[in-house]
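These numbers were taken from a predicted model, which means no experiment stands behind them. Note on naming: letters A, B, ... go to the chains in the order of the sequence lines (proteins, then strands), and numbering restarts at 1 for each one.
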Amino acid sequence: MATYDLTPRIAPNLDRHLVFPLLEFLQERQLYPDEQILKAKIELLNNTNMVDYAMDIHKSLYHTDDVPQDMVDRRVEVVARLKALEDAAAPLVTFLQNPSAVQELRADKQYNLQMLKDRYQIGPDQIEALYQYAKFQFECGNYSGAADYLYQYRALCTNSERSLSALWGKLAAEILMQNWDIALEELNCLKEIIDSKSFSSPLNQVQSRIWLMHWSLFIFFNHDNGRTQIIDLFNQDKYLNAIQTSAPHLLRYLATAFIVNKRRRPQFKEFIKVIQQDQCSYKDPITEFLACVYVNYEFDGAQKKMKECEEVILNDPFLGKRVEEGNFSTVPLKDEFLENARLFIFETYCRIHQRIDMKVLFEKLNLNYEEGERWIVNLIRNSKLDAKIDTEMGTVIMEPNQPNVYEQLIDHAKALQGRTYKLVGQLLEHAQAQPAR
Amino acid sequence: MASKFWTQGGSDTEEEETDIEDEIENGGAGEATAAAAGSRYLQANASDSDDSDGQKRVVRSAKDKRFEEMASTVDQMKNAMKINDWVSLQESFDKINKQLEKVMRVTESDRVPNLYIKCLVMLEDFLAEALANKEAKKKMSSSNHKALNAMKQKLKKNNKQYEELINKSRENPESEEEKFEEEEEEEDEDESGSELEDPSQIPESSDEDDEGEELDDDAGDGAWEKKLSKKEKLMDREFKKDPSEITWDTVNKKFKEVMAARGRKGTGKFEQVEQLTFLTKVAKTPAQKLEILFSVISAQFDVNPGLSGHMPINVWKKCVQNMLVILDILVQYPNIVVDDMVEPDENETQKGADHDGTIRVWGNLVAFLERIDNEFFKSLQCIDPHTREYVERLRDEPLFLVVAQNVQEYLERIGDLKSAAKVALRRVELVYYKPQEVYDAMRKLAELSGDGEKDGDETKVEEARGPSSFVVTPEVVSRKPTFPDNSRALMDILVTLIYKSGDERTKARAMLCDIYHHALFDEFSIARDLLLMSHLQDNIQHMDVSTQILFNRAMAQVGLCAFRVGLIAEGHGCLSELYSGGRVKELLAQGVSQNRYHEKTPEQERLERRRQMPYHMHINLELLEAVHLISAMLLEVPNMAANSLDVKRKVISKTFRRLLELSERQTFTGPPENVRDHVMAATRALCKGDFQKAFDVINSLDVWKLLRNRESVLEMLKAKIKEEALRTYLFTYCSSYDTVSLDQLTKMFDLSDAQVHSMVSKMLVNEELHASWDQPTRCIVFHDVEYSRLQALAFQLTEKLSILAESNERAVEARIGGGGLDLPLRRRDNQEYAPGTGGGGRWPDLSYNQGRQGGSGRTAYSSGGRPMALGQASRDRSSGQSRGTGGYSGRSGSGMRGSQMDASARMVSLNRGVRG
């Protein structure tokens with residue numbers, strides 16, 4: 001089942017620390033041998049300052065109590081550096097820990113800097129040290145500390161480049177602390193900067209977008225409102241372009257979000273085209289499912305894909321998030337996905353059929369007869385479906401859905417009024433502007 | 001500097017000249033009118049410093065004519081003398097004086113022809129005789145006597161000018177005569193030598209002229225070249241005698257002297273090359289050798305008779321060898337820098353090999369290389385592709401690739417990436433059109449000829465060095481090109497370099513070559529992505545003609561590729577534009593298309609001829625036409641069936657429709673002969689739903705043998721034909737059926753259940769077909785959507801209203817000045833398109849810029865209104881791919897997609913309304 005695992009494609013676009021949760025998940029799912037994952041973890045930790053953790057993993061990997069010398073050395077080095085940075089940033093940190101002093105800060109950055117300099121002898125050097133210190137804290141795995149310092153650093157920093165990286169750092173820290181609400185705010189903030197900023201090269205901008213989208217996966221699939229927001233973000237032209245050019249695997253998440261989200265129909269049609277077009281560059285069961293239902297109208301194929309999708313969702317670190325309820329652990333997204341996917345198939349199926357044999361239908365939908373009948377009855381009752389069940393024949397009969405001629409006529413004529421109003425408005429505007437000139 | 005010089009090759013003055021030349025050649029030199037024209041132009045030529053061999057020939061013929069005239073006048077005079085007719089003698093004398101002027105003008109020398117001098121001598125003698133013979137004088141008539149006296153005076157006056165010559169002529173009348181003739185002969189030889197492209201004859205011919213010595217004294221400029229060669233020979237001897245005495249100064253002086261003669265009248269081009277080559281042997285320092293070598297190459301370029309012709313092939317080869325030697329020197333002495341920006345110090349080249357600092361030498365490797373490439377290209381244009389010569393010439397390609405590769409390596413080493421990119425582009429342009437088989441063949445040839453030529457090279461080099469070569473240059477750079485195993489790898493290396501450091505034009509061209517190459521290898525999606533990301537479609541009409549041609553070629557190839565991989569609509573989108581004007585040949589530069597309505601000026605024709613593609617680069621036009629028409633057929637036949645009742649429904653391919661109308665108008669249809677007939681026959685079968693016959697007809701085309709994966713393409717084509725036949729059948733006969741069973745359809749069209757189901761479902765969902773499935777019985781049930789008369793009229797009314805509203809909006813928009821802030825985006829888009837597509841339809845003018853306006857219609861690369869393809873084309877990707885397409889900044893087509901969608905949705909609903 002490792003075929004559809006996207007970790008290798010996603011990981012390069014993440015921060016080192018962000019890869020951890022993914023590896024944890026993989027370990028849990030046992031997709032790869034334990035040994036490989038542990039090795040990968042050590043590799044990952046090598047360039048961070050979480051040396052103690054690395055040592056632990058090393059021990060469990062090789063079942064020894066010996067730790068390689070370079071790790072020990074590194075630990076000493078890290079501790080020393082931490083000390084140094086702490087000292088350097090100390091004045092500012094003490095200032096920030098004093099609530100009454102912090103109250104003196106105002107919105108005006110220049111004023112703040114001046115004030116700090118005059119009253120507390122805190123200059124740019126200390127502020128810079130704060131940044132380094134925060135970064136180091138982050139590297140050590142102390143995310144909450146890092147997040148706090150970075151927040152304050154941003155309030156004081158004047159260098160926009162630095163401020164941007166501080167923001168990335170803050171976002172990562174919040175994600176790792178699982179503060180989804182705050183993380184979402186940071187994400188939006190970052191998005192604005194990326195979209196507005198004139199990047200040195202379009203290439204950089206695209207790269208930033210790609211990163212942003214990858215990082216946002218953590219938030220969107222954990223935040224309550226995430227599934228609509230992921231569509232909002234990913235389906236923007238600029239972001240969709242970035243996905244198509246550089247990271248087509250993200251289509252899986254967008255596709256899932258679309259399937260789970262029923263109210264996004266207009267954009268959905270567009271999205272189907274994207275899927276169709278990018279079939280050559282990326283495909284997995286989820287996109288193939290959509291292609292089957294909406295491009296090729298192969299319902300048997302769609303049904304097969306649906307089964308595969310289940311596996312994919314369970315093995316995806318973002319989609320397969322578990323919720324513990326008592327003794328059960330369920331994957332809420334999976335159920336939702338399957339339900340909606342079924343509905344998708346059924347909907348399309350109904351559109352082109354007049355009479356459907358229920359047995360065949362339920363086979364296609366992976367339902368048993370009883371369940372299926374109940375399901376359809378519910379659909380009819382909720383007036384989602386304009387049909388009747390013929391039990392004698394065991395069929396569902398669709399009501400002919402010819403659009404009312406009068407409705408059509410009204411539809412056509414309705415727009416005319418608005419357009420004419422606009423036209424008149426424009427003319428008047430113009431006429432008023434004319435004498436003024 | 002130098003590059004400017006070379007690129008100016010196409011400047012006006014020279015063109016005009018060749019123009020004239022052509023005319024003269026056409027108009028038969030024998031005719032008097034032509035001669036007159038010739039003289040007129042020759043006058044113009046006299047002021048021009050450029051002197052090509054072709055002109056010389058013309059000059060000579062005119063000269064001959066003058067001489068003939070003069071000779072006939074002399075004959076007349078002789079006759080007059082015999083009968084002692086002084087009146088006619090006087091007339092003749094006036095005439096000969098006038099002719100003399102003309103002759104002098106023609107020969108462009110101030111040396112008086114011997115014939116004339118001889119005539120003067122003769123006259124003088126005769127006059128003296130006549131004056132002495134008093135008796136006879138008395139017998140003369142008065143008019144004759146008068147004429148005699150007048151003649152006496154005139155002759156006296158006239159002869160004063162030529163006294164010296166006359167005296168000389170008197171001394172030895174014979175040699176004078178011979179000399180004249182011989183001189184002419186010599187010129188002939190010279191000429192024939194250049195025509196035979198054999199420079200080895202020249203030394204011989206210059207050896208003969210012993211009497212040239214005498215000429216030097218009195219003939220002045222006319223004998224300039226002989227004087228030089230004489231001197232050179234002397235110097236040669238001198239050098240040979242005493243090599244140690246040759247100093248940098250003497251060589252430099254000689255070099256300057258030779259260079260000064262460059263471009264002057266009467267300077268033998270081959271001789272100059274010879275002289276310079278000799279000088280390279282005696283050059284004292286590597287830098288000097290380099291400097292002289294540059295001049296040798298320049299001189300070799302000069303040998304080229306004109307813009308229309310190409311450089312003689314053996315000269316070209318020598319030129320390539322010289323380039324290699326230059327590279328040898330440059331690699332051997334890394335402190336020598338070639339530069340064309342600053343005029344280096346006069347004595348810069350004096351610095352020897354052991355000089356520490358950098359030595360600057362004037363020159364431009366890239367310009368030379370490009371010129372060599374151009375000459376190669378030109379020679380392929382000129383040579384008849386069906387001859388052995390052409391193949392032989394093609395074999396020289398690796399030779400050029402070696403130089404290019406070495407130059408590129410050198411430039412990369414010295415860090416001149418911009419120039420390296422230019423060179424890389426030249427290499428790309430030699431490789432991009434080659435399928436893998438051809439590439440392999442070239443690779444093998446290069447390896448073989450590399451081995452074979454090694455020996456030849458050595459002997460040649462040996463010879464060139466001679467005993468007195470002071471600066472010995474070992475072969476440092478490799479003489480053998482190295483090719484990666486597949487051409488894609490080579491393309492990738494080169495193209496990456498260009499994208500990184502080329503200028504805009506280089507990048508655009510490289511991108512197009514890249515696209516072409518991808519398309520050649522059936523990688524449609526990559527080619528399409530590159531095409532869309534680079535935005536080349538948007539700004540191609542601002543580029544130069546040759547790039548536009550390359551763009552057309554790339555589009556054609558992408559179209560073929562799309563067809564091969566089974567993307568019919570895309571393929572049609574790429575090709576339809578090319579075929580909309582009926583000028584495919586011209587657009588692809590693969591021949592000249594005739595136009596009934598527009599005569600081309602010779603100027604245009606020549607320009608067009610000059611940008612023709614050599615034969616081996618051609619895209620097979622029959623295949624292209626077949627692909628275009630077949631895709632059009634597959635799209636248009638079901639479309640026609642679906643909208644048969646409605647005249648003004650959308651037309652996908654106008655070209656196809658026109659052809660179909662033409663073929664339907666025929667009373668009798670014979671068996672298909674050409675591609676067009678075949679497709680039309682297939683169309684007739686397809687319209688009836690007879691897929692087998694349609695496929696058989698198409699299968700019988702013999703262009704398919706040009707495809708590499710012929711089987712699979714035909715397989716694909718068969719499947720497509722079946723599908724479209726099914727669609728056509730359903731559209732055509734849906735009104736006659738109440739239900740159709742799935743089984744029947746599968747049997748009829750030899751398709752699987754799933755395929756038919758999928759196809760029909762698609763049609764149902766798109767509301768092309770008003771029907772639905774009845775699952776238990778596996779039937780299609782057709783619905784009758786009958787609108788009442790009133791309803792139908794109401795629909796028409798609303799439609800007309802919306803058109804009215806639209807035109808109102810447009811009118812307001814035009815009046816207010818496009819400030820339509822609130823107007824739906826869609827319409828503004830349409831307006832932007834409008835001029836583009838309109839231009840595409842027109843194309844009356846033959847100038848490329850105008851014609852290419854149609855290219856803008858291609859922005860959405862099938863502007864035929866198929867929403868699918870439109871969505872694709874407007875899918876605007878920013879340029880962020882890993883290939884690093886840095887320069888092509890990503891623009892965002894915001895709102896485009898949405899608006900298109902809007903349009904297509906509208907179309908569907910209207911469709912339904914109209915159906916009633």
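B:Ala754 does not touch chain A: none of its heavy atoms, backbone or side chain, sits under 4.5 Å away. Heavy atoms of A:Ile352 lying under 4.5 Å from chain B belong to its backbone as well as its side chain. Contacts of A:Thr395 with chain B are made by side-chain atoms alone, with heavy-atom separations under 4.5 Å and no backbone atom involved.
Side chains of A:Gln354 and B:His783 form a contact here, defined as non-hydrogen atoms less than 4.5 Å apart. Residues A:Arg419 and B:Glu806 have side chains in contact (heavy-atom distance under 4.5 Å, counting atoms from C-beta outward). Contact annotation: the side chain of B:Gln775 approaches that of A:His353 to within less than 4.5 Å [non-hydrogen atoms, C-beta and beyond]. Side-chain contact check for A:Arg355 versus B:Pro776: some heavy-atom pair is nearer than 4.5 Å.
A:Ala413 and B:Thr798 get closest at one heavy-atom pair: CB-CG2, 4.4 Å.
By a heavy-atom distance cut of under 4.5 Å, A:Val295, A:Asn296, A:Tyr297 are the residues of residues 288-297 of chain A near chain B, going up by number.
Annotation: A:Tyr421, atom OH; neighbour count of heavy atoms from other residues, nucleotides and ligands within 6.0 Å does not exceed 12. Applying the 6.0 Å contact sphere to NZ of A:Lys304 captures no more than 12 heavy atoms from other residues, nucleotides or ligands. More than 12 heavy atoms of other shown residues, nucleotides or ligands fall within 6.0 angstrom of atom CH2 in A:Trp215.
Heavy-atom pairs under 4.5 Å with chain B were tallied for A:Asp300, A:Leu416, A:Asp411; the largest tally goes to A:Leu416. When each of B:Val760, B:Val781, B:Leu804, B:Leu797 is scored by its heavy-atom pairs under 4.5 Å with chain A, the top score falls to B:Val781.
We find the CG-OG1 distance between B:Leu764 and A:Thr348 to be 12.0 Å, quoted to the nearest 0.5 Å.
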Applying side chain to side chain contact (heavy atoms under 4.5 Å, CB included) to A:Gln277 and B:Arg528, what does each step give before you reach the verdict? CA-CA 11 Å; A:Gln277 202 185 331; B:Arg528 179 199 57 198; 3.8 Å; yes
